[in-house]
Trainee: 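Submitted below is the structure of interest, expressed as structure tokens.
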Amino acid sequence: MTASLSSQQRRQRRQATWSVVAFVLLQAVCAAVFAALCLIPDLPRWAFWLFAALAGGCGLPVIPALVVLKERFHEIEGGESDAAAEY
């Protein structure tokens, strides 16, 4: 963080970061549950592949979330939310 950020901007950055961290943790838990389901003995092959695809698919939304977080940081630093609050 830069020294020029106000306390409100730091709070907004911290909130944005924690929301993405919570989302990533939730996705990781979902992926772990689906991966664990793949380990069921005598599971039909189609169910194994379904659970494996769902486990892998849980990681895909993480990348856009990180991109959105970066954009949110730029909005916070640019004061766009402060300007919108004036209207």
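The analysis underlying the following values was restricted to heavy atoms, covering all of them including side chains, and did not include hydrogens, waters or symmetry mates. All values derive from a computational prediction rather than experimental measurement.
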Trainee: Does W18 belong to the same Ile/Leu/Val/Met/Phe/Trp/Tyr cluster as L25, with side-chain heavy atoms less than 4.5 Å apart forming each link?
Mentor: yes
Trainee: If we check side-chain contact (heavy atoms from CB on, under 4.5 Å) with I76, which of these qualifies: R11, R13, E71?
Mentor: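 Of the listed residues R11, R13, E71, the side-chain contact (heavy atoms from CB on, under 4.5 Å) partner of I76 is R13.
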Trainee: Mind checking the SG-CG spacing from C30 to L54? Nearest 0.5 Å is all I need.
Mentor: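 Output value for this atom pair is 10.0 Å.
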Trainee: Minimum heavy-atom separation for Q9 and E77, please, with both atom names.
Mentor: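 Scanning both residues, the minimum pair turns out to be NE2-O, 4.0 Å.
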Trainee: Using the rule that two of Ile, Leu, Val, Met, Phe, Trp, Tyr join whenever any of their side-chain heavy atoms come within less than 4.5 Å, decide whether V33 and V62 are in one cluster.
Mentor: no
Trainee: On a heavy-atom basis, which atom in F51 and which in C38 lie closest, and how many Å separate them?
Mentor: CB-SG, 3.5 Å
Trainee: Look up atom OG in S6 and atom CD in Q12, then write down how far apart they are to the nearest 0.5 Å.
Mentor: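 Interatomic distance, S6 OG to Q12 CD, rounded to 0.5 Å: 7.5 Å.
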Trainee: For a quick test of reading the model, state the closest non-hydrogen atom pair linking Q27 to C58 and the distance between them.
Mentor: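 It is NE2-O, 2.7 Å.
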Trainee: Under 3.5 Å, which donor-acceptor pairs link side chains of residues 40-50 to any protein atom two or more places apart or in another chain?
Mentor:
none

Trainee: Should V24 and F73 be regarded as members of a common hydrophobic cluster, given that ILVMFWY residues are connected when their side-chain heavy atoms come within less than 4.5 Å of each other, either directly or indirectly?
Mentor: yes
